[in-house]
Amino acid sequence: QVQLVESGGGLVQAGGSLRLSCVAPGRSFTTGATGWFRQAPGKERVFVAAISRSGGITRHADSVKGRFTISRDNAKNTVFLQMNSLNPEDTARYYCATGAAVVGVREDQYPYWGQGTQVTVSS
């Protein structure tokens, strides 16, 4: 069982930045691609960004393109989500997931999940 741990969430003003981190035990990120998803209150969980095992392929949801950047440091077993120009619509709980065979956008492509970290953007 892979246990992912997210951190870096918090309260930030609109226009500000946060960097989320996702840490996996050992070399667990080598099992597949890793992604970030988010879920706002009363809404379904949606795709945010994903990255291949090598880091050579990334995907970002249209809603965050140009503002968020996913990256990874395999030596530290860590995947990051740099979030800039945050707005209140970004308020959600952010989840890290890994183990996907492709750099996908569907929840069911990722077998391993963390418990999430809350991001709240005030206006």
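The figures that follow rest on heavy atoms only: side chains count, while hydrogens, waters and symmetry mates do not.
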If you compare all heavy atoms of [X] against all heavy atoms of [Y], which two are closest, and at what distance to 0.1 Å?
X      : Y      : value
Ala97  : Leu4   : CA-CD1, 3.8 Å
Ala14  : Ser123 : CB-CA, 4.4 Å
Ala92  : Ala40  : CB-N, 3.8 Å
Tyr112 : Gly99  : CD1-CA, 4.1 Å
Pro111 : Ala100 : CD-N, 4.1 Å
Asp62  : Lys65  : OD1-NZ, 3.1 Å

- [ ] Kindly indicate, with the supporting measurements, whether the criterion side chain to side chain contact (heavy atoms under 4.5 Å, CB included) is fulfilled by Val119 and Leu18.
- [x] CA-CA 9 Å; Val119 172; Leu18 286 173; 3.9 Å; yes
Give a yes or no on whether the backbone of [Y] and the side-chain of [X] come within a donor-acceptor separation of less than 3.5 Å.
X     : Y      : value
Thr78 : Val23  : no
His60 : Gly66  : no
Arg93 : Gly116 : yes

- [ ] Using the side chain to side chain contact (heavy atoms under 4.5 Å, CB included) rule, take Thr91 and Gln118 through it: C-alpha gap first, then chi angles, then the decisive distance, then the call.
- [x] CA-CA 8 Å; Thr91 295; Gln118 180 68 35; 4.2 Å; yes
TODO: Just jot down the side chain to side chain contact (heavy atoms under 4.5 Å, CB included) partners of Glu6, sequence neighbours excluded, or say none.
DONE: Trp36, Tyr95, Cys96, Thr117
Task: Set of side chain to side chain contact (heavy atoms under 4.5 Å, CB included) partners for Arg67, sequence neighbours left out - done: Val64, Ser85, Asn87, Asp90
Open item on the list: Under 4.5 Å between side-chain heavy atoms, counting indirect links through other Ile/Leu/Val/Met/Phe/Trp/Tyr residues: same cluster for Leu20 and Phe68 or not?
Closed with: yes
Open item on the list: If hydrophobic clusters are built from ILVMFWY residues whose side chains come within less than 4.5 Å, do Val79 and Val105 share one?
Closed with: no
TODO: Apply side chain to side chain donor-acceptor pair (under 3.5 Å) to Ser17 and list each qualifying residue two or more places apart in sequence or on a separate chain.
DONE: Asn84
Open item on the list: Once side chain to side chain donor-acceptor pair (under 3.5 Å) is applied, do any residues pair with Arg19, and if so which ones, sequence neighbours excluded?
Closed with: none
- [ ] Output every pair passing salt bridge (Lys or Arg N to Asp or Glu O under 4.0 Å) with a member in residues 43-52, not counting sequence neighbours, ordered by first then second residue.
- [x] Arg45-Glu107
Open item on the list: Run Gln13 and Val121 through side chain to side chain contact (heavy atoms under 4.5 Å, CB included) and show every step you take.
Closed with: CA-CA 5 Å; Gln13 292 185 327; Val121 185; over 6 Å; no
TODO: Go through the structure and list residues passing ring pair (Phe, Tyr, Trp, His ring centres under 6.0 Å) with Phe37, not counting sequence neighbours.
DONE: Phe47, Tyr110, Trp113
Open item on the list: So Thr69 and Leu81, do their side chains get closer than 4.5 Å, heavy atoms only?
Closed with: no
Task: Greater than 12 external heavy atoms within 6.0 Å of Ile57's CD1 - done: no
- [ ] Nearest 0.5 Å please: distance from the CD1 atom of Ile51 over to the CZ atom of Arg72.
- [x] 5.5 Å
TODO: Any chance you could measure Asn77, atom CG, to Ser21, atom OG, to the nearest 0.5 Å?
DONE: 12.5 Å
Open item on the list: Using the rule given for side chain to side chain contact (heavy atoms under 4.5 Å, CB included), can you reason through Gln39 versus Tyr94, listing the C-alpha separation, both sets of side-chain angles and the distance that settles it, and then say yes or no?
Closed with: CA-CA 7 Å; Gln39 185 170 28; Tyr94 285 70; over 6 Å; no
